[in-house]
Amino acid sequence: MHIEIDEISKQFGVTAALHPVSLAIPSGALVALLGPSGSGKTTLLRILGGLEFPTAGRVLFAGQDATGLTVQERRAGFVFQSYALFRHMTVFENIAYGLNARPRATRPPKAEIARRVTKLLELIQLPDIGARYPSQLSGGQRQRVALARALAIEPRMLLLDEPFGALDAKVRKELRQGLRDIHDTTGLTTVFVTHDQEEAMELADMVVVMSMGRIEQIGKPADIRARPATDFVRTFISA
Amino acid sequence: MSDATTPIRFRSATEERPLTRWLLVGLGAVGMSVLVFAPLIAVFAEALRDGWFAAVASLGNRDAQSAIKLTLLIAAIAVPLNAAFGIAAAWFITKFDFRGKAFLITLIDLPFSVSPVVAGLCIVLMFGTNSLVGGWLVANGYPIVFALPGIVLATMFVTFPFVARELIPVMIEQGRAEEEAALTLGASGWRTFWTVTLPNIRWALLYGVLLCNARAMGEFGAVAVVSGKIRGQTATMPITIEMLYNEYLSVAAFSMAAVLTVLALVTLLLKTALELRHADQLAATHRH
């Protein structure tokens, strides 16, 4: 789904987290919001997901104004920084949560939910962990379960906040490919936030470099490397 | 080379010398015995001084029965209400950002710092016959002071902080991420509360409710002021114990005290039993 961000700004009290920013994300793209902490990248992601509302500006999903849509109406698959798995539920129950939360009329029958959860567990290549609790999983497994849980609601887009932030270097490399594969199979428009320029450059089709609540540059990884638009981008990507 | 034959014992960094350990454990045991166990045993010993029959008989009269029923009724009203208010207050404080939050937290703690007697007097001042509200209520047949509503109000005031106090740190530690995740998955706020928030706080809630219950049944000061101590009507168990004791009816007083103690012990045992039964779940869900 095509996403358009039209002159979005966000104030927290007197501080501006986002100056008016605009950005068009083509349908099916894998986009990285790259920047240091405090650059406004997470705020922008949360505005897309409906967890935060902009002070001014509009968000358009597939050409339709989505600014006023509630978080539930957005149908965005959101993966949180520390995954936010429901600790009192098994992996199976975690993934099934979104389907069980649907109103009776659109809720799939129990057997169908079980079938879909099993399929998602296969997609994340962890078919045998359905009965475990989040506390019994490794960091990498948790991340993949969070991804499966987000995918279960048949989202219109996938939003990930620092999806690799809590993982060690080796697992991080493996899971990058995992995310790429899932993106390619599902074809979902995917936006992820990262402060790691190498990660952004390697994984994304399109990188949005942010600093101090402003977008510094938008482009393909190779173009940004070859022609940094500002001094900030030059120093940040060489770091 | 005799050194080679004697094994060297290493002490872990957090381990103390045996003497220190036994001294500290002993000190703790003595303190517990003198301050906790001895009075507990004394209560039962005093109650049973003239034998089982006398103790049970003293509990059988109409006033004693009324006191026990009243105390249970008050706990049955005050504890669920305070649990609901406590959850609401903790939810509001930990899940939202607003001006005056610190002030609200202080306000929740107020009943801890105000003497229960003062709290009771406040209720008498507000709802007594001479007050505007109280006068109107009495005239219309709904007395607050010297009646059940006043006692419930006083008990609720004194026990208000218990649930919220238990919940606030737990909810702060857990953050909002799981609730946000539930919302992005399409759950309504109400559903999120029942399926995510409440299960995550259930142990803290249970603990808060048990403490609240123990205190609600045992509250003396505030209830003494608002109840008017009418025998067989507004005298709760603690009030009755005091009255019996003042009348030198020590078997009756201590029998009632023993019942109150048993009620408190039952709540504690209940909590321990639940913890043992759900130990695996507790361990699994406590932390990620």
Side-chain angles (χ1 to χ4, degrees), chain A residues 12-13 45-46 48-52 70-90 93-103 106-107 131-139 142 145-146 148-161 166, chain B residues 87 90-91 94-103 166-167 169-208 274-288:
Chain A
F12 286 113
L45 191 80
R46 288 171 63 86
L48 284 178
L51 290 168
E52 213 82 72
T70 63
V71 53
Q72 292 93 348
E73 289 164 343
R74 303 257 170 149
R75 281 197 23 238
F78 208 108
V79 174
F80 290 80
Q81 193 167 10
S82 47
Y83 315 129
L85 295 176
F86 307 127
R87 64 192 91 183
H88 61 288
M89 294 181 203
T90 61
E93 290 164 338
N94 263 280
I95 298 174
Y97 187 88
L99 294 172
N100 283 322
R102 283 190 188 168
T106 53
R107 191 189 308 154
R132 288 204 222 158
Y133 283 93
S135 59
Q136 299 163 322
L137 303 179
S138 71
R142 279 180 209 165
V145 170
R149 183 178 69 175
L151 289 170
I153 62 165
E154 297 165 315
R156 297 199 280 179
M157 71 202 119
L158 206 49
L159 306 174
L160 306 98
D161 188 5
Chain B
I87 293 170
W91 162 277
T94 55
K95 308 287 175 183
F96 299 93
D97 289 315
F98 56 93
R99 215 185 274 261
K101 198 184 228 182
F103 180 68
E166 284 297 324
L167 293 184
V170 174
M171 289 170 89
I172 286 175
E173 196 228 300
Q174 290 179 347
R176 305 172 196 176
E178 283 181 52
E179 273 96 1
E180 286 184 342
L183 297 175
T184 63
L185 294 168
S188 63
W190 190 241
R191 189 184 171 88
T192 302
F193 175 77
W194 285 105
T195 58
V196 176
T197 311
L198 206 57
N200 273 341
I201 59 169
R202 61 189 159 186
W203 291 104
L205 180 63
L206 177 71
Y207 198 61
L274 280 169
E275 276 176 359
L276 282 176
R277 211 174 131 195
H278 299 282
D280 50 336
Q281 212 180 13
L282 261 177
T285 57
H286 187 59
R287 263 182 226 289
H288 265 258

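The chains referred to below are lettered A, B, ... by the order of the sequence lines, with proteins before strands, and numbering in each begins at 1.
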Seminar exercise, completed: CZ of Phe78(A) to CG of Leu183(B), rounded to nearest 0.5 Å, is 11.5 Å
For this session: Working to the nearest 0.5 Å, report the span between CZ of Phe80(A) and CG of Leu45(A).
Result: 9.0 Å
Seminar exercise, completed: Among Glu179(B), Arg176(B), Glu180(B), the residue with the most heavy-atom pairs under 4.5 Å to chain A is Glu180(B)
Exercise. Has Phe98(B) got more than 12 heavy atoms of other residues, nucleotides or ligands less than 6.0 Å from its CZ?
Worked result: yes
Problem set entry | Atom pair CD1/OG1 of Ile87(B) and Thr197(B) - distance to nearest 0.5 Å | 10.0 Å
Exercise. Given a strict heavy-atom distance threshold of 4.5 Å, which part of Arg46(A) is in contact with chain B: side chain, backbone, both, or neither?
Worked result: side chain
Exercise. With a 4.5 angstrom heavy-atom cut-off, which part of Ala146(A) approaches chain B: side chain, backbone, both or neither?
Worked result: neither
